[in-house]
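Whatever order the structure lists them in is the order used to number ligands and atoms, beginning at 1. Here, residue 1 is the first one in the sequence, and each next residue gets the next number.
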Amino acid sequence: MTVLLGCIADDFTGGTDLAGMLVKAGMRTVQLIGVPHDPIDVGKNIDALVIALKSRTTPVAEAVAESLAALRWLQQAGCRQYYFKYCSTFDSTPGGNIGPVAEALMRALGSNFSIACPAFPANGRTIYKGHLFVGDLLLSDSGMRDHPLTPMTDASLVRVLQAQIKGKVGLTEYSTVLKGEVAIRARFKALQAAGYNFSVVDALSNDDLMSIAAACADLVLVTAASGLALGLPQNFRCAGLLADDLVADALPHTGGLRAVISGSCSVATQGQVAAMRTTHPAFQVDPFALASGTDVVGAALEWADSRVKNEPVLFYATATPEAVKAVQVQLGAERAGRLVEEALAAIASGLVEQGVGQLIVAGGETSGAVVQALGVRGLRIGPEIDPGVPWTTAISNDSGRRPLALALKSGNFGTPDFFLKAWSKLAS
Ligand code: ADP
């Protein structure tokens with residue numbers, strides 16, 4: 001296997017975001033959920049691997065240890081360059097974790113220089129004179145100021161990162177970035193020669209990110225938000241390592257029956273559930289029935305048995321805010337959420353046993369529960385259904401398992417006909 005780029009993301013959705021960017025930029029990408037602890041077949045013809053961790057807000061030592069374990073795994077896969085991906089608002093706890101993780105990865109790779117560039121201009125995250133802006137506001141004036149876990153009260157990335165690491169942090173200013181790749185590379189060399197270990201890099205546009213990425217071709221480690229992924233694949237193309245005409249989002253054929261599981265109560269999902277219910281069989285999962293001990297899962301699977309052979313079927317707990325409130329008042333929000341997630345995950349497992357090979361799951365937490373119940377360890381990223389929601393195929397370490405296509409849609413993603421149109425993006 002010749003994987004070019006090995007990525008470590010500090011949370012799951014961040015990993016998905018990066019994986020999607022890499023596929024769009026022409027790299028065939030697999031996202032793994034956590035560091036695999038046992039042998040796992042991730043498939044063939046992969047250009048980029050993304051290991052998604054949950055290390056954004058864990059204790060520093062834990063985040064560092066987990067990130068180093070991910071790095072070792074990626075090194076064994078033979079990656080040529082490494083990418084530590086964090087949020088474009090540079091979400092850090094007072095103890096780190098971005099700085100300590102970045103520094104530990106750099107040392108483990110035998111390097112003494114990298115960049116820090118959380119810019120993501122398409123989402124309004126820009127960096128000027130080392131200060132991070134969210135739209136028109138400095139980071140420290142944005143909503144991130146009051147984030148419950150990672151409050152960001154200083155917009156100076158040089159200062160924030162410097163406080164987190166032992167090495168020295170410098171800046172590559174916008175005037176240099178505007179001059180392009182050669183000037184940026186020269187600045188990196190000058191900073192490195194002067195004993196700096198990281199450079200924050202100004203960036204206001206995607207063109208800037210392309211120049212910065214080009215200047216990073218020789219760095220063994222980059223640290224950035226997902227925006228930098230726009231430009232890195234081009235380096236591999238220039239080096240003759242990545243074909244120009246690669247179809248990066250092709251998925252292996254899965255076949256199988258089709259179903260949708262929805263535990264999301266977000267507005268977009270409510271519309272999608274309503275649209276599918278009018279044309280397809282739908283089974284409502286009632287939290288009160290679950291709480292009373294009724295065998296809802298058994299009933300759902302019996303109901304599915306004859307129907308799913310003929311057409312896509314829907315299972316939903318999705319409800320209006322008033323209905324959810326009523327459930328939560330009686331059962332408690334945490335218990336209600338858990339009961340519904342467990343039931344939907346058990347239904348998903350039963351459906352796969354009944355022959356479902358193409359499954360859409362709506363809801364971030366719901367997706368987490370389903371993926372866990374199905375023993376999914378990774379996802380090969382395929383064609384996008386709507387922005388931010390690709391079809392994927394599941395990777396598990398049960399090699400005898402039939403192939404499974406999964407679309408994991410969190411919260412407010414997707415158009416009202418999402419559940420209906422999604423199938424047309426997959427080879428049947
Ligand atoms: P989203 O991505 O839209 O936020 P999630 O799956 O992350 O969706 O979160 C929805 C939560 O609401 C889950 O914990 C789910 O179990 C719970 N839930 C779903 N339906 C109901 C319901 N009818 N009553 C109470 N809780 C529900």
* Structure fact -> Leu204 and Ile127 have their tightest heavy-atom pair at CD2-O, 3.6 Å

* Asked: If every non-hydrogen atom of Ala63 is compared with every non-hydrogen atom of Asn97, which pair is closest and at what distance?
  -> CB-ND2, 3.5 Å

* To do: Determine whether Ser262 and Gln272 make a side-chain contact, defined as any pair of heavy atoms from C-beta on separated by less than 4.5 Å.
  => no

* Heavy-atom side-chain proximity of Met27 to Leu232 below 4.5 angstrom -> no

Would you say [X] has any N or O atom under 3.5 Å from an N or O of ligand 1, going by distance alone?
X: Gly337; result: yes
X: Ser410; result: no
X: Arg338; result: no
X: Ala319; result: no

Would you mind checking which non-hydrogen protein atom is closest to [atom], with the distance to 0.1 Å?
atom: atom 8 (O) of ligand 1; answer: Gly363 CA, 3.3 Å
atom: atom 18 (N) of ligand 1; answer: Gly263 O, 3.9 Å
atom: atom 6 (O) of ligand 1; answer: Thr366 OG1, 2.6 Å
atom: atom 14 (O) of ligand 1; answer: Glu341 OE2, 2.5 Å
atom: atom 7 (O) of ligand 1; answer: Glu365 N, 2.7 Å

Can [X] and [Y] be counted as an ion pair, charged N to O under 4.0 angstrom?
X: Asp249; Y: Lys425; answer: no
X: Lys409; Y: Asp386; answer: no
X: Lys54; Y: Glu66; answer: no

So if I count the atoms of ligand 1 from 1 in the order they appear, which ones are less than 4.0 Å from some heavy atom of [X]?
X: Gly364; value: 1 (P), 2 (O), 5 (P), 6 (O), 7 (O), 8 (O)
X: Val340; value: 16 (O), 19 (C)
X: Pro287; value: 22 (C), 23 (N), 24 (N)

* To do: Please work out whether the ring planes of Trp391 and Trp423 are parallel, tilted or perpendicular, with thresholds of 30° and 60°.
  => tilted

With a heavy-atom distance limit of 4.0 Å, tell me whether [X] approaches ligand 1 through its side chain, its backbone, both, or neither.
X: Ala317; value: both
X: Val327; value: side chain
X: Ser264; value: both

* Polar side chain donor-acceptor pair, Ser199 to Thr172, under 3.5 angstrom -> yes

* To do: Would you indicate which of Ser266, Ser262, Cys265 comes nearest to atom 3 (O) of ligand 1 when only heavy atoms are counted?
  => Ser266

Only distances under 3.5 Å count here; give the side-chain donor-acceptor pairs of residues 324-346 to other protein atoms, sequence neighbours excluded, each with its distance to 0.1 Å.
none

